[in-house]
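Read the numbers this way: they start at 1 and go in the same order the structure lists the ligands and their atoms.
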Amino acid sequence: MSSHFPISAEEGKMGLVQWLKGQFLCHLVICYGFLVSGLLVNLLQICTLPLWPINKQLARRINCKLGYCLTSQSVALLEWWSGTEVVLYTDPENYRLYGKENAIVVLNHNFEIDFLCGWTFCDIFGVLGASKCLAKKELSYLPVIGWMWYFLEMVFIKRKWEEDKRNFVQSLQNLRDYPENFWFLLHCEGTRFTEEKHQVSMEVAEKKGLPKLKHHLLPRTKGFWVAVQNLRGTVAAVYCCTLNFRNNETPTLLGVLNGEKYHPDLYVRRIPLESIPEDEAECSAWLHKLYQEKDKFQEDYSQTGCFPGPKVTPPRRSWALINWLGWTCLLLYPLCLLLVQLVKSGSILTILATVGFCAAVSVGVRWMIGQTEIKRSSSYGVPLNNK
Ligand SMILES: CC/C=C\C/C=C\C/C=C\C/C=C\C/C=C\C/C=C\CCC(=O)SCCNC(=O)CCNC(=O)[C@H](O)C(C)(C)COP(=O)(O)OP(=O)(O)OC[C@H]1O[C@@H](n2cnc3c(N)ncnc32)[C@H](O)[C@@H]1OP(=O)(O)O
Ligand SMILES: CCCCCCCC/C=C\CCCCCCCC(=O)OC[C@@H](O)COP(=O)(O)O
């Protein structure tokens with residue numbers, strides 16, 4: 001039934017803006033800016049190679065800034081384009097420490113944009129350029145983003161412990177003299193939540209005599225223990241982070257690109273590193289208990305729509321937007337000149353080449369976005385003991 005109330009000018013304007021955000025041409029411009037600036041960032045990172053043996057700390061700092069130039073574009077997309085506001089539930093005493101110390105972040109892995117929400121918090125607390133993650137090896141091959149991570153000393157693993165352990169320990173040791181404050185993200189579940197993986201991991205829990213989890217896969221404990229042991233003295237605390245979205249939202253990166261606004265809530269508890277057991281078996285049991293608590297928070301959230309404790313909506317920083325607009329203007333200018341030349345020339349070949357270029361940009365970024373989709377998740381974790 002149609003409404004009899006006339007829409008106001010303000011509503012009309014909002015409708016137009018929302019319509020524009022869904023248009024392919026806007027997406028093409030955004031993706032073009034992201035890809036071309038990303039390749040330029042990669043190129044500049046390569047140029048820092050000769051600096052590493054001479055002044056490693058300076059090379060690292062420069063790479064953090066370059067990394068920020070690229071990663072913050074996707075933060076700007078979330079905060080300014082889609083209008084998503086991240087809400088933080090945490091102890092105000094701890095809030096003051098965020099961004100001022102190194103930390104290991106333990107986060108659930110249920111959502112396609114959990115990495116993007118993580119980056120947004122990193123930006124809010126000023127650690128985006130230096131933020132790191134224990135990531136599957138496949139991500140290191142991602143054009144632009146994966147190549148950038150190589151210079152940011154991200155830790156990649158094949159999820160095969162015997163093959164990983166040497167490189168893993170060495171990469172963690174390298175972080176001991178990192179010149180900037182960093183957060184090291186660990187998704188202890190090791191893969192994204194699917195019903196099938198959940199069922200398999202709960203069979204493992206049963207065999208191990210552990211309580212079943214409803215909202216998480218059973219955590220794999222080795223990576224956490226090794227990270228804690230190797231980062232003692234470097235990292236001050238573990239941030240136990242539990243992320244969920246209001247109204248049962250299932251956010252996607254394509255949704256963000258289409259300007260859809262989401263409502264993420266993050267509950268953060270700060271746990272001093274000294275309070276975590278050193279012994280592997282005790283540390284493992286400690287992590288299982290942590291996940292049982294996290295599961296309870298998620299269950300309560302699904303009933304009440306909120307996490308415990310005071311909440312705050314930290315203000316978004318303008319840097320991400322300024323950086324994004326700067327790159328867009330810088331890269332749109334030559335593109336516009338090229339298009340004008342193109343129209344003037346009237347050459348079919350040049351027009352075809354341009355259309356081909358646009359199609360390649362669009363397909364390339366669509367493929368990258370595909371990597372974030374849970375339906376394309378790896379088979380890790382199914383069947384039982386599959387690695
Ligand atoms: C204030 C705000 C604060 C914070 C804001 C939040 C975040 C911001 C922070 C930073 C952002 C930075 C960057 C993010 C950007 C992008 C990247 C995003 C995501 C990438 C993430 C990934 O790629 S996840 C995949 C890779 N990572 C991992 O796998 C890590 C977890 N895994 C481990 O740690 C593992 O231990 C391991 C891989 C190191 C080794 O695994 P392995 O299996 O060999 O050993 P384990 O001992 O751990 O496990 C073996 C035991 O497990 C049992 N088993 C068998 N099958 C299963 C099963 N299906 N489920 C559970 N358990 C299983 C098995 O029986 C073994 O048991 P035993 O008793 O025999 O030991
Ligand atoms: C201006 C903004 C430009 C918009 C275009 C943005 C394009 C960015 C595209 C891709 C960013 C790639 C980031 C990849 C991070 C994916 C993290 C992830 O979720 O990995 C999954 C891994 O944990 C577990 O894998 P499996 O579940 O075992 O399989």
Side chain, backbone, both or neither: which part of [X] has a heavy atom under 4.0 Å from ligand 1?
X: Val105; result: side chain
X: Trp149; result: side chain
X: Leu217; result: neither
X: Lys132; result: backbone
X: Ile157; result: side chain

Original post:
Would you find more than 12 non-hydrogen atoms of other residues, nucleotides or ligands less than 6.0 Å from Leu49 atom CG?
Top reply: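 Yes, enclosed.
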Subject >> Residue Trp80 excluded, over 12 heavy atoms near CH2 under 6.0 Å >> reply: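 For Trp80, atom CH2 is crowded (more than 12 foreign heavy atoms under 6.0 Å).
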Can you confirm, on distance only, whether ligand 1 has an N/O atom lying under 3.5 Å from any N/O atom belonging to [X]?
X: Tyr98; value: no
X: Leu218; value: no
X: Trp119; value: no
X: Thr221; value: yes
X: Pro219; value: no
X: Tyr239; value: no

Could you list the atoms of ligand 1 found under 4.0 angstrom from a heavy atom of [X]?
X: Gly381; value: 59 (N)
X: Ala135; value: 22 (C), 23 (O), 26 (C)
X: Leu139; value: 20 (C), 23 (O)

Nearest candidate to [atom], where distance is taken over non-hydrogen atoms, out of [options]:
atom: atom 15 (C) of ligand 2; options: Phe193, Phe111, Trp81, Phe115; result: Phe115
atom: atom 25 (C) of ligand 1; options: Ser284, Gly190, Gly223, Cys241; result: Gly190
atom: atom 43 (O) of ligand 1; options: Arg220, His109, Lys137, Lys160; result: Arg220
atom: atom 3 (C) of ligand 2; options: Phe34, Tyr32, Trp149; result: Phe34
atom: atom 4 (C) of ligand 2; options: Leu139, Ile369, Leu77; result: Leu77
atom: atom 27 (N) of ligand 1; options: Asp164, Leu134, Leu128; result: Leu134

What's the shortest distance from [atom] to any protein heavy atom, and which residue and atom give it?
atom: atom 25 (O) of ligand 2; result: Lys136 NZ, 3.1 Å
atom: atom 1 (C) of ligand 2; result: Trp324 NE1, 3.4 Å
atom: atom 27 (O) of ligand 2; result: Ser377 OG, 2.6 Å
atom: atom 14 (C) of ligand 2; result: Leu142 CD1, 4.0 Å

Do any nitrogen or oxygen atoms of [X] come within less than 3.5 Å of a nitrogen or oxygen of ligand 2?
X: Trp119; value: no
X: Thr372; value: no
X: His109; value: yes
X: Ser378; value: yes
X: Gln73; value: no

Original post:
What is the ring orientation for Phe121 with Phe125, classed by angle as parallel under 30°, tilted 30 to 60°, or perpendicular over 60°?
Top reply: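 Ring orientation of Phe121 relative to Phe125: parallel.
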**OP:** Could you list the atoms of ligand 2 found under 4.0 angstrom from a heavy atom of Met368?
**Re:**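 Counting atoms of ligand 2 from 1, those under 4.0 Å from Met368 are 9 (C), 10 (C).
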**OP:** Would you tell me whether Thr84 and Glu79 have side-chain atoms, one donor and one acceptor, within less than 3.5 Å of each other?
**Re:**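 No donor-acceptor contact under 3.5 Å links the two side chains.
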Original post:
Would Lys197 and Thr191 count as having a side-chain donor-acceptor pair, cut-off 3.5 Å?
Top reply: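 Lys197 vs Thr191: donor-acceptor pair found between side chains.
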Original post:
Any salt bridge between Arg317 and Asp123, counting N to O under 4.0 Å?
Top reply: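 The answer is yes: the pair qualifies as a salt bridge.
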Original post:
Phe297 ring centre to Lys294 NZ or CZ under 6.0 Å, with the angle to the axis within 45°?
Top reply: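 No, Lys294 does not lie over the aromatic ring of Phe297.
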Original post:
For Arg159, is the nearest heavy atom under 4.0 Å from an atom of ligand 2?
Top reply: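 Yes.
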**OP:** Kindly indicate whether the side chain of Trp81, heavy atoms from C-beta on, has any atom under 4.5 Å from the side chain of Ile30.
**Re:**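 A side-chain contact exists here, since the closest heavy-atom pair is under 4.5 Å.
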Original post:
Can you check whether His216 and Tyr291 have ring centres sitting under 6.0 Å from each other?
Top reply: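 Yes, the ring centres sit under 6.0 Å apart.
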**OP:** Among Tyr267, Tyr95, Trp183, find the one that has a ring pair (Phe, Tyr, Trp, His ring centres under 6.0 Å) with Tyr239.
**Re:**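 Between Tyr239 and the candidates, ring pair (Phe, Tyr, Trp, His ring centres under 6.0 Å) is satisfied uniquely by Trp183.
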